Amino acid sequence: QVQLVESGGGLVQAGGSLRLSCAASGRASSRQVMGWFRQVPGKEREFVAAIAWTGSTTYYAESVKGRFTISRDSAKNTVHLQMNSLKPEDTAVYYCAAALDPLTVLLATQYDYWGQGTQVTVSS
C-alpha cells in the first residue's frame, strides 16, 4: 500500500509559479514511477509529468515541456512539480500518482495509487 498526500496548490496570476509536492509513504518497488496528472470538469485525467523512483528518467507532456519540472527527494520520499510561466489553461485539479510497474507512464490506468488532488487556478 502506498499513501500519497499532495500540497502546494493555490491561486496565481498568469506568468507566475507554483510548486506542488507529493509526500509518499508505504511500499515501493524498484520499477515504481511517480506521476502528476491534472483534470478539469468534464474532461479525462491528463498526464503532466512523471519520474522514475530510481534513476533520473523524467517524462513530460508536450504542453508543459520547458515550463514544468518534476523532481524527486529520495531522502524525504517526496516528489515535486515546479510549475513556471503558468497559463490559464493550466487551471485544474492536480493529482499525484504512483505506478508500481507501468507499461507506460502516460496513461492514468497504469497508476495504482492516487492522492486526493490539489487545486491550481491561474487567473488571466
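Note that the structure is predicted; figures quoted are calculated from it, not measured. Residues: numbered from 1 along the sequence shown.
- In terms of the ring-ring contact (aromatic ring centres under 6.0 Å, His included) criterion, residue partners of Phe47 (sequence neighbours excluded) are, by chain and number, Phe37.
- For the salt bridge (Lys or Arg N to Asp or Glu O under 4.0 Å) test, residues two or more places apart in sequence or in another chain that qualify with Asp101 are Arg31.
- Cluster membership for Leu4 and Tyr111, using ILVMFWY side-chain heavy atoms within less than 4.5 angstrom, is not shared.
- Leu11 and Leu18 fall into different hydrophobic clusters, defined by Ile, Leu, Val, Met, Phe, Trp and Tyr side-chain heavy atoms under 4.5 Å apart, directly or through other members.
- In terms of modelled atom types and a separation under 3.5 Å, the side chain of Glu6 and the main chain of Gln116 share a donor-acceptor contact.
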N/O donor to acceptor pairs below 3.5 angstrom from side-chain atoms of residues 79-100, sequence neighbours left out:
from	atom 1	to	atom 2	distance (Å)
His80	ND1	Ser21	OG	2.9
His80	NE2	Arg19	NH2	3.4
Gln82	NE2	Asn84	OD1	2.9
Asn84	OD1	Ser17	OG	2.9
Asp90	OD1	Arg38	NH1	2.9
Asp90	OD1	Arg67	NH2	3.0
Asp90	OD2	Arg67	NH1	2.8
Asp90	OD2	Arg67	NH2	3.4
Asp90	OD2	Lys87	N	2.8
Thr91	OG1	Pro88	O	2.9
Thr91	OG1	Val122	N	2.8
Thr91	OG1	Val122	O	3.4
Tyr94	OH	Arg38	NH1	2.9
Tyr94	OH	Asp90	O	2.6

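- Checked against side-chain hydrogen bond (donor to acceptor under 3.5 Å, both in side chains), Thr118 has no partners two or more places apart in sequence or in another chain.
- Under the side-chain hydrogen bond (donor to acceptor under 3.5 Å, both in side chains) criterion, Ser25 pairs with Gln3, not counting sequence neighbours.
- Hydrophobic clustering places Leu106 together with Trp114 (ILVMFWY residues linked when any side-chain heavy atoms are closer than 4.5 Å, directly or through intermediates).
- Hydrophobic clustering (side-chain heavy atoms under 4.5 Å, transitive across Ile, Leu, Val, Met, Phe, Trp, Tyr) keeps Val105 apart from Met34.
- Between Val33 and Pro102 the shortest heavy-atom distance is CG2-CG, 3.8 Å.
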List the atom pairs, donor and acceptor, that lie under 3.5 Å between side-chain atoms in residues 51-63 and the rest of the protein, sequence neighbours left out.
from	atom 1	to	atom 2	distance (Å)
Thr54	OG1	Ser30	O	3.2
Tyr60	OH	Ile70	N	2.9
Glu62	OE2	Lys65	NZ	2.8

